[in-house]
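Worksheet: one structure, shown below.
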Number of protein chains: 2
Amino acid sequence: MRNVPAKLAAKLYGAADLIADKGIADAKIEEIADASGVPIATLYYYFRGKEEILAFLLGDLLESIAGEVGAAMSKPGTAIDRLKWAVEAQMRVMLENPAACRALVGDLGRATRLPELATALESAFHQPLEQLLREGVEDGTLRAVQDPGKAALSVFGTITIAGLTGTVAQPEHAASYAQETVQAVCDLLLEGLRPRE
Amino acid sequence: MRNVPAKLAAKLYGAADLIADKGIADAKIEEIADASGVPIATLYYYFRGKEEILAFLLGDLLESIAGEVGAAMSKPGTAIDRLKWAVEAQMRVMLENPAACRALVGDLGRATRLPELATALESAFHQPLEQLLREGVEDGTLRAVQDPGKAALSVFGTITIAGLTGTVAQPEHAASYAQETVQAVCDLLLEGLRPRE
DNA sequence: CCTTACTTTGTAATTTGATTACAAAGTAGA
DNA sequence: TCTACTTTGTAATCAAATTACAAAGTAAGG
């Protein structure tokens, strides 16, 4: 994959909806070319094939999620605050790129099969979360869990499935859905299901 | 899709590993035929195409998860107990069918794009969980959350991503991984991250 | 045993798309 | 202006999925 110019990258997002709807396997390269306005030959000049186009889009998306989440987490505040901000940030980026997100769920499998993307996923979600959980124990705002790694993974699953399901379900109401989901997810994760006396 | 005889179904599971490894898109029909021991022509006699083979396997898997989870949930006990059992049951079925599970994560997108499978997912996971959450409020062992639907979705996400990631990561150590994951997931979901005074 | 309907499977097309090859412009900097 | 790289159209080439078709096989009913 050659270095992709910003202008080209922007055009490619025009095919995200298509890919999200049909999946990369069923989206014909010709359709991707039409939807994005990039000629087939140009696509093949930059990418090795269809898969790589998807990989580029997802990598780009994950990068921006990682960036936003990272920023949210490094603002000054307690760990619990920063956790909330991180969840909000993640949900916000998902909200801003619903199509790419849908493509991500849709081809999550492919994503995890591609080593670079797996790494990107890891650094976009798992690592920041795990670090945050550890910091929360230090500043006393979060409980010490036995296995921060698995807890981070669980939190990741919670946010991701909840967020993505919403994006998939109703792209139109995404905004309000995201807000409510942030609420529900934070509440569940922070307070747990067992009643507090 | 014709009614699939049990013997054929059993053979098909022989291709689950292949499909999990490469994804349905990259698994050639000829390879599926070899791996399962079912001739290509027979595959096309029963299924409309590759996709339908995957759909059948996933549907079958989801059905058994739904069955086990349902059974766990209807045993006598408090809601909190039954929640634990349900998580264990789900993890157990995943453990018993690692390949099919990996295929499920891998092609989760396809799964959610196929209406029947989306429905199966819904009744295998969401519905039982949501009901359980409501019952827990009644018997006092679970806290009332504002939005049981979203909470159920979150719980689903937690279990699924945590469980499936493990299956993907290390098929060999799946057993111990599952045990630890049940622990971590239950702990997180029940106690939450905020410290209890 | 014979007939019928369905199942099983092999082989030979057919079709669909992805990918590659190639060449003609276009463009920007040395 | 020369060179290197980019952009894109067109015409192959290739790989696989899918379909067509026919020859067996099988089981139930009469």
Side-chain angles (χ1 to χ4, degrees), chain A residues 1-60 103 106-107 109-111 113-114 116-117, chain B residues 1-60 103 106-107 109-111 113-114 116-117:
Chain A
M1 167 160 41
R2 286 171 206 257
N3 180 28
V4 178
K7 200 168 170 182
L8 174 60
K11 283 187 180 179
L12 288 178
Y13 273 90
D17 258 314
L18 171 75
I19 296 174
D21 285 341
K22 318 181 66 160
I24 190 66
D26 289 341
K28 296 181 203 156
I29 191 76
E30 190 185 345
E31 294 175 324
I32 295 177
D34 287 349
S36 63
V38 179
I40 294 181
T42 306
L43 290 175
Y44 277 104
Y45 179 72
Y46 281 100
F47 304 101
R48 193 176 294 281
K50 283 201 306 184
E51 313 277 297
E52 226 180 52
I53 298 174
L54 177 64
F56 168 76
L57 283 174
L58 298 189
D60 207 49
D107 290 274
R110 199 170 313 277
R113 264 179 225 115
L114 298 173
E116 327 113 52
L117 281 185
Chain B
M1 167 160 40
R2 285 171 207 258
N3 180 29
V4 178
K7 199 170 173 182
L8 174 59
K11 283 188 179 178
L12 288 179
Y13 273 89
D17 258 314
L18 171 75
I19 296 173
D21 285 342
K22 319 183 66 162
I24 191 66
D26 289 341
K28 297 180 204 157
I29 192 76
E30 188 183 349
E31 294 175 324
I32 295 176
D34 288 347
S36 63
V38 179
I40 294 181
T42 305
L43 291 176
Y44 278 103
Y45 179 73
Y46 281 100
F47 304 100
R48 192 175 295 280
K50 283 202 305 185
E51 312 277 297
E52 227 181 52
I53 297 174
L54 176 65
F56 169 76
L57 283 174
L58 298 189
D60 207 50
D107 291 275
R110 203 170 309 278
R113 264 180 226 114
L114 297 173
E116 327 111 55
L117 282 185

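All values below come from the heavy atoms of this structure, side chains included, with hydrogens, waters and symmetry mates left out. Bear in mind that the values here come from a model prediction, so they are computed numbers and not experimental data. Proteins come first, then strands; the chains are lettered A, B, ... in the order of their sequence lines, and each starts at number 1.
- Across A:Leu54 and A:Ala103, no two heavy atoms sit closer than the pair CD1-CB, 4.3 Å.
- With values rounded to the nearest 0.5 angstrom, B:Glu51 atom CD is found 5.5 Å from A:Asp26 atom CG.
- Of the possible polar contacts, one joining the B:Lys50 side chain to the B:Ala25 backbone as a donor-acceptor pair under 3.5 Å is found.
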Assess whether side chain to side chain contact (heavy atoms under 4.5 Å, CB included) is satisfied between B:Ile53 and B:Ile29, documenting all intermediate values. CA-CA 10 Å; B:Ile53 297 174; B:Ile29 192 76; 4.0 Å; yes

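- Taking every heavy atom of both residues into account, A:Leu12 and A:Ser36 meet most closely at CA-CB, 4.1 Å.
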Under the criterion side chain to side chain contact (heavy atoms under 4.5 Å, CB included), I'd like the reasoning laid out for B:Ile24 against B:Ile32: C-alpha separation, chi angles, the key distance, then a yes or no. CA-CA 9 Å; B:Ile24 191 66; B:Ile32 295 176; 4.2 Å; yes

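- Both A:Tyr45 and A:Ala41 lie near DNA chain D, and the one whose nearest nucleotide falls closer to the 5' end is A:Tyr45.
- The CG atom of A:Leu8 lies 7.5 Å from the CG atom of A:Leu43; values are rounded to the nearest 0.5 Å.
- Regarding B:Lys50, its NZ atom lies at a distance of 10 Å from the P atom of D:dA16, rounded to whole Å.
- Annotation: the span from A:Arg2 atom CZ to A:Glu52 atom CD amounts to 11.0 Å, rounded to 0.5 Å.
- Read 5' to 3', the first and last nucleotides of DNA chain C with an atom closer than 4.0 Å to a heavy atom of chain A are C:dG17 to C:dT20.
- Considering every non-hydrogen atom in both A:Asn3 and A:Tyr46, the closest pair reads O-CE2, 3.5 Å.
- Within a 6.0 Å sphere centred on CD of B:Glu30, other residues, nucleotides and ligands contribute 12 heavy atoms or fewer.
- Listed in residue order, the members of residues 1-32 of chain B having a heavy atom less than 4.0 Å from DNA chain D are B:Ala27, B:Lys28, B:Ile29.
- In DNA chain D, the stems built from three or more successive Watson-Crick or G-U pairs (distances below 3.5 Å) are C:1-30 with D:1-30.
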